[in-house]
Amino acid sequence: TRDSDGDHRLHDLPSLLQLAEQMAAETGNPLLIVSGGRTDRMRPLGLERAEYEGLTDRVLWQALQFQAAGAGRQIGSAYFAAYGDRPDIQSGYKLYSREAARMAADSLKAASRSGRNGGLARCGVETIPAVEILAAGGEIGVVTRRTSQGQPVSGYRGIDAVTMYAEPLLWALRRLEVPGDAAAAMLDGALLRSSLPFDYERRAKALEVRAHVLDGLGGGPAMVWGGRSF
């Protein structure tokens, strides 16, 4: 799958396919995702979108592990370990196994019938399939793919962060049955690893995203800011 920003190169596809074939051979798992990971998100996306995408992926990965642990499982990280502590779930360039592709299509069809104008399916187009596939026992891997300095086309510039990031996160945390206190810990750790709450012009929006998610889960504690100095 390639999204519509025109920032994907066909000659990166063999690398995605090679890893998918390796994962299939080694795991025997029919539910596979290989994501074309970006070495830097800020250059193609800009500072704010890059920070929110990183935050989203960090929370999603912790929430997926939370759900898996409740079922006595651990989602493996071997196939993306070289690229960091969580996979690039938000990348718009992915390769799915046949079974995973079917699950992805079904999950997006269901999401398109919820929310206004299919908003959840649009802004959660990468989140929703990944959550369903990985929650069902799937595997995810990452290989580097090339990207531009500035996306050639984007339909997401200027979209409100609550719609674009908080709503898909809220859906995912509900789907994975993460309670408010645990979700707050995940959100706070991700926020404090980003620049968003430390930038005067972006802090209020970042805290609004946090509040929207937690309110949708029935509430959560006040944000923990960590130590006074570091």
Side-chain angles (χ1 to χ4, degrees), residues 1-5 33 35-38 41 44-46 48-68 75 86-94 96 100 103-136 138 140 151 154-180 182-191 193-194 196 202 205-218 220:
T1 61
R2 296 186 296 165
D3 64 26
S4 58
D5 58 33
I33 306 170
S35 180
R38 297 154 294 180
R41 302 192 203 201
L45 299 178
E48 191 162 336
R49 282 186 61 200
E51 290 290 329
Y52 276 114
E53 280 206 6
L55 181 150
T56 297
D57 280 352
R58 189 177 294 279
V59 173
L60 287 176
W61 188 243
Q62 291 192 12
L64 284 159
Q65 294 289 18
F66 179 95
Q67 184 261 358
I75 306 174
R86 80 275 192 202
D88 190 346
I89 293 173
Q90 300 306 307
S91 169
Y93 197 0
K94 290 193 179 73
Y96 295 91
M103 186 175 287
D106 290 345
S107 67
L108 287 171
K109 286 178 183 176
S112 69
R113 296 190 289 269
S114 65
R116 292 175 296 176
N117 301 318
L120 183 59
R122 180 189 179 199
C123 293
V125 67
E126 308 301 343
T127 294
I128 292 168
V131 167
E132 294 293 356
I133 292 163
L134 296 174
I140 187 168
Q151 291 179 318
S154 177
Y156 291 118
R157 293 188 184 114
I159 288 184
D160 180 73
V162 170
T163 301
M164 190 164 175
Y165 299 105
E167 283 292 330
L169 268 178
L170 174 57
W171 173 88
L173 292 165
R174 282 174 171 164
R175 166 68 181 81
L176 298 170
E177 299 182 345
V178 179
M186 296 174 190
L187 284 163
D188 292 353
L191 280 166
R193 286 176 172 85
S194 81
L196 295 167
R202 296 180 174 90
K205 181 60 68 177
L207 296 180
E208 183 182 350
V209 166
R210 180 187 188 274
H212 184 89
V213 172
L214 294 181
D215 287 349
L217 295 174

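Here the structure is a predicted model, which is why all the values come from computation and not from measurement. Note that the numbering runs from 1 along the sequence shown for the chain.
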Would you say [X] and [Y] make side-chain contact, with heavy atoms under 4.5 Å?
X	Y	result
Arg41	Gln90	yes
Thr1	Tyr93	no
Asp160	Lys205	yes
Tyr96	Ile133	yes
Arg58	Met186	no
Val178	Leu217	no

How close do [X] and [Y] get, heavy atom to heavy atom, and via which atoms?
X	Y	answer
Ala172	Thr127	CB-CG2, 4.3 Å
Cys123	Thr163	CB-O, 3.8 Å
Gly216	Arg174	O-NH2, 3.0 Å
Pro87	Ile140	CB-CD1, 3.9 Å
Thr56	Tyr165	OG1-CD2, 3.6 Å
Gly124	Pro129	O-CD, 3.9 Å

Is any NZ, NE, NH1 or NH2 atom of the basic residue among [X] and [Y] found under 4.0 Å from an Asp or Glu carboxylate oxygen of the other?
X	Y	answer
Glu53	Arg38	yes
Lys94	Glu126	yes
Glu132	Arg175	yes
Asp215	Arg210	no

Practice prompt. Any chance you could measure Ile128, atom CD1, to Arg122, atom CZ, to the nearest 0.5 Å?
Written response: 13.0 Å
Worksheet, complete the sentence: Output for pair (Leu214 CG, Leu170 CG), nearest 0.5 Å, gives 9.0 Å
Item to complete: Show your working on side chain to side chain contact (heavy atoms under 4.5 Å, CB included) between Tyr52 and Leu45 and close with a plain yes or no.
Response: CA-CA 10 Å; Tyr52 276 114; Leu45 299 178; over 6 Å; no
For residues 59-67, please give each side-chain donor-acceptor pair under 3.5 Å, one per line with the distance, not counting sequence neighbours.
{"from": "Gln65", "atom 1": "OE1", "to": "Ile75", "atom 2": "N", "distance (Å)": "3.1"}
{"from": "Gln65", "atom 1": "NE2", "to": "Ile75", "atom 2": "O", "distance (Å)": "2.9"}
{"from": "Gln67", "atom 1": "OE1", "to": "Arg73", "atom 2": "NH2", "distance (Å)": "3.4"}

Discussion item. Could you check whether any side-chain N or O of Ser91 sits under 3.5 Å from a backbone N or O of Gly36, counting only pairs where one atom can act as donor and the other as acceptor?
Written reply: yes
Worksheet entry | Ala104 backbone acceptor or donor facing Ser107 side chain under 3.5 Å | yes
Practice prompt. Assess whether side chain to side chain contact (heavy atoms under 4.5 Å, CB included) is satisfied between Leu55 and Leu169, documenting all intermediate values.
Written response: CA-CA 10 Å; Leu55 181 150; Leu169 268 178; 4.0 Å; yes
